[in-house]
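Okay, structure first, notes after.
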Amino acid sequence: MDYENDKNNTFFRFEDLRIYHKALSYAKWINEVSSPHFEMQNKVIIERFNTSSHDIVLNIAEGSARNKSQFIYYLKMAKSSVRQCLVFTSICHQLGFFSEEEEDESRMQLMEMTKMIGALISSLQRNNNNKRVDGSSEYEDDLPVD
(Lines give C-alpha, C1' and ligand atoms only; values in the text may rest on other atoms or scores of the structure.)
Protein backbone atom coordinates (compact mmCIF):
# COMPACT_ATOMS: atom_id res chain seq x y z
CA MET A 1 0.00 0.00 0.00
CA ASP A 2 1.39 3.39 -0.98
CA TYR A 3 0.59 5.45 2.11
CA GLU A 4 1.66 8.77 0.64
CA ASN A 5 -0.95 8.48 -2.10
CA ASP A 6 -3.71 7.35 0.26
CA LYS A 7 -5.04 10.58 1.80
CA ASN A 8 -8.01 8.79 3.41
CA ASN A 9 -5.77 6.74 5.67
CA THR A 10 -4.03 8.46 8.58
CA PHE A 11 -1.67 6.93 11.07
CA PHE A 12 -2.56 9.44 13.78
CA ARG A 13 -6.27 9.06 14.38
CA PHE A 14 -6.77 12.62 15.68
CA GLU A 15 -6.12 13.74 12.11
CA ASP A 16 -9.52 12.24 11.26
CA LEU A 17 -11.28 14.68 13.60
CA ARG A 18 -12.89 17.73 12.03
CA ILE A 19 -12.25 19.72 15.23
CA TYR A 20 -8.52 19.10 14.83
CA HIS A 21 -8.56 20.58 11.32
CA LYS A 22 -10.79 23.46 12.41
CA ALA A 23 -8.40 24.29 15.27
CA LEU A 24 -5.40 23.98 12.96
CA SER A 25 -6.99 26.39 10.49
CA TYR A 26 -7.79 28.84 13.28
CA ALA A 27 -4.18 28.78 14.55
CA LYS A 28 -2.96 29.51 11.02
CA TRP A 29 -5.52 32.31 10.60
CA ILE A 30 -4.52 33.91 13.94
CA ASN A 31 -0.87 33.81 12.93
CA GLU A 32 -1.66 35.50 9.60
CA VAL A 33 -3.95 38.16 11.06
CA SER A 34 -1.73 38.99 14.02
CA SER A 35 1.69 38.93 12.36
CA PRO A 36 1.52 42.54 11.08
CA HIS A 37 1.16 43.68 14.72
CA PHE A 38 4.20 41.78 15.99
CA GLU A 39 6.16 44.83 17.07
CA MET A 40 8.17 45.03 20.27
CA GLN A 41 5.40 46.71 22.33
CA ASN A 42 2.80 44.16 21.15
CA LYS A 43 5.07 41.12 21.13
CA VAL A 44 3.82 39.55 24.39
CA ILE A 45 0.13 39.81 23.50
CA ILE A 46 0.58 38.42 20.00
CA GLU A 47 2.85 35.59 21.19
CA ARG A 48 0.40 34.58 23.92
CA PHE A 49 -2.53 34.74 21.49
CA ASN A 50 -0.69 32.49 19.04
CA THR A 51 0.31 30.13 21.86
CA SER A 52 -3.31 29.84 23.02
CA SER A 53 -4.49 29.10 19.49
CA HIS A 54 -1.79 26.44 19.15
CA ASP A 55 -2.75 24.98 22.54
CA ILE A 56 -6.23 24.17 21.20
CA VAL A 57 -4.71 21.96 18.51
CA LEU A 58 -2.04 20.50 20.77
CA ASN A 59 -4.51 19.48 23.49
CA ILE A 60 -6.69 17.70 20.94
CA ALA A 61 -3.71 15.82 19.54
CA GLU A 62 -2.18 15.01 22.94
CA GLY A 63 -5.45 13.87 24.48
CA SER A 64 -6.25 11.60 21.58
CA ALA A 65 -3.42 9.28 22.59
CA ARG A 66 -4.91 8.81 26.06
CA ASN A 67 -7.86 6.86 27.42
CA LYS A 68 -11.33 8.40 27.14
CA SER A 69 -11.42 10.09 30.54
CA GLN A 70 -8.00 11.63 29.94
CA PHE A 71 -9.01 12.69 26.43
CA ILE A 72 -12.04 14.44 27.92
CA TYR A 73 -9.68 16.27 30.29
CA TYR A 74 -7.51 17.41 27.36
CA LEU A 75 -10.58 18.48 25.41
CA LYS A 76 -11.63 20.60 28.39
CA MET A 77 -8.15 22.11 28.34
CA ALA A 78 -8.66 22.86 24.65
CA LYS A 79 -11.92 24.64 25.57
CA SER A 80 -9.98 26.66 28.14
CA SER A 81 -7.59 27.72 25.38
CA VAL A 82 -10.59 28.70 23.25
CA ARG A 83 -11.71 31.03 26.06
CA GLN A 84 -8.20 32.49 26.26
CA CYS A 85 -8.37 33.17 22.53
CA LEU A 86 -11.69 34.94 23.02
CA VAL A 87 -10.09 37.25 25.58
CA PHE A 88 -7.16 37.91 23.24
CA THR A 89 -9.65 38.59 20.43
CA SER A 90 -11.28 41.29 22.57
CA ILE A 91 -7.92 42.75 23.58
CA CYS A 92 -6.69 42.84 19.98
CA HIS A 93 -9.90 44.52 18.84
CA GLN A 94 -9.69 47.15 21.59
CA LEU A 95 -6.05 47.85 20.74
CA GLY A 96 -6.96 48.28 17.08
CA PHE A 97 -5.14 45.16 15.87
CA PHE A 98 -8.40 43.54 14.74
CA SER A 99 -11.06 45.15 12.62
CA GLU A 100 -14.74 44.54 13.43
CA GLU A 101 -14.78 41.86 10.73
CA GLU A 102 -11.69 40.10 12.13
CA GLU A 103 -13.12 40.18 15.64
CA ASP A 104 -16.41 38.73 14.38
CA GLU A 105 -14.58 36.06 12.37
CA SER A 106 -12.49 35.05 15.38
CA ARG A 107 -15.54 34.91 17.65
CA MET A 108 -17.48 32.85 15.11
CA GLN A 109 -14.67 30.32 14.75
CA LEU A 110 -14.21 30.10 18.53
CA MET A 111 -17.93 29.52 19.09
CA GLU A 112 -17.94 26.80 16.44
CA MET A 113 -14.93 25.09 18.01
CA THR A 114 -16.52 25.26 21.47
CA LYS A 115 -19.63 23.53 20.14
CA MET A 116 -17.58 20.90 18.30
CA ILE A 117 -15.42 20.16 21.34
CA GLY A 118 -18.52 19.99 23.55
CA ALA A 119 -20.15 17.52 21.16
CA LEU A 120 -17.03 15.34 21.13
CA ILE A 121 -16.87 15.41 24.94
CA SER A 122 -20.53 14.37 25.13
CA SER A 123 -19.91 11.56 22.65
CA LEU A 124 -16.93 10.30 24.63
CA GLN A 125 -18.86 10.48 27.90
CA ARG A 126 -21.75 8.51 26.41
CA ASN A 127 -19.33 5.92 25.02
CA ASN A 128 -17.43 5.81 28.31
CA ASN A 129 -20.68 5.08 30.17
CA ASN A 130 -21.37 2.23 27.73
CA LYS A 131 -18.11 0.34 28.09
CA ARG A 132 -17.53 -2.72 25.96
CA VAL A 133 -18.13 -6.18 27.34
CA ASP A 134 -14.44 -6.64 28.09
CA GLY A 135 -14.60 -3.53 30.34
CA SER A 136 -12.07 -1.56 28.38
CA SER A 137 -12.63 2.04 27.49
CA GLU A 138 -9.55 2.90 25.53
CA TYR A 139 -10.14 5.81 23.20
CA GLU A 140 -7.87 4.39 20.52
CA ASP A 141 -10.17 1.43 19.90
CA ASP A 142 -13.31 3.34 19.03
CA LEU A 143 -12.47 6.88 18.04
CA PRO A 144 -15.65 8.82 17.39
CA VAL A 145 -15.35 11.10 14.41
CA ASP A 146 -17.05 14.39 15.26
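For clarity, every value in this text was computed on a predicted model and none was experimentally measured.
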(request) Can you sort out the partners of Phe88 under ring-ring contact (aromatic ring centres under 6.0 Å, His included), two or more places apart, ordered by chain and number? (result) Phe49
(message) Just to verify, what does Ser80 make a side chain to side chain contact (heavy atoms under 4.5 Å, CB included) with, not counting sequence neighbours?
(response) Arg83, Gln84
(request) Heavy atoms only: give me the nearest Ala27-Asn50 pair and the separation to one decimal. (result) O-OD1, 4.4 Å
(request) Indicate the atoms forming the closest heavy-atom contact of Ser81 with Ile56, along with that distance. (result) CB-CG1, 3.6 Å
(request) Could you list all the salt bridge (charged side-chain N to carboxylate O under 4.0 Å, His left out) pairs where at least one residue sits in residues 96-106, not counting sequence neighbours? (result) Glu103-Arg107
(request) Go through the structure and list residues passing ring-ring contact (aromatic ring centres under 6.0 Å, His included) with Phe97, not counting sequence neighbours. (result) His37
(message) Considering only residues two or more places apart or on different chains, which pairs with a residue in residues 48-64 satisfy salt bridge (charged side-chain N to carboxylate O under 4.0 Å, His left out)?
(response) Glu62-Arg66
(request) State, to 0.1 Å, how close Leu75 and Ile117 come at their nearest heavy-atom pair, and which atoms those are. (result) O-CG2, 3.5 Å
(message) Under 3.5 Å, is there a donor on one side chain and an acceptor on the other for Tyr20 and Ser64?
(response) no
(request) Look up atom CG in Leu17 and atom CE in Met116, then write down how far apart they are to the nearest 0.5 Å. (result) 8.5 Å
(message) So does Ile30 get a backbone contact from the side chain of Ser34, meaning a donor-acceptor N/O pair under 3.5 Å?
(response) yes
(request) Name all residues meeting the side chain to side chain donor-acceptor pair (under 3.5 Å) criterion together with Ser53; count only those two or more places apart in sequence or in a different chain, and write none if there are none. (result) none
(request) Sorted by first residue and then second, give each salt bridge (charged side-chain N to carboxylate O under 4.0 Å, His left out) pair with at least one member in residues 19-33; sequence neighbours left out. (result) Lys22-Glu112, Lys28-Glu32
(message) Taking side chain to side chain contact (heavy atoms under 4.5 Å, CB included) as the definition, give me every residue that meets it alongside Thr114, ordered by chain and number, with sequence neighbours left out.
(response) Lys79, Val82
(request) Just grab all the ring pair (Phe, Tyr, Trp, His ring centres under 6.0 Å) pairs involving residues 104-126, residues at least two apart or on different chains. (result) none
(request) Would you check if Phe71 and Leu120 make a side-chain contact, meaning some heavy-atom pair closer than 4.5 Å? (result) yes
(message) Which Ile, Leu, Val, Met, Phe, Trp or Tyr residues join Tyr74 in one cluster when any pair of side-chain heavy atoms under 4.5 Å counts as a link?
(response) Tyr73, Met77
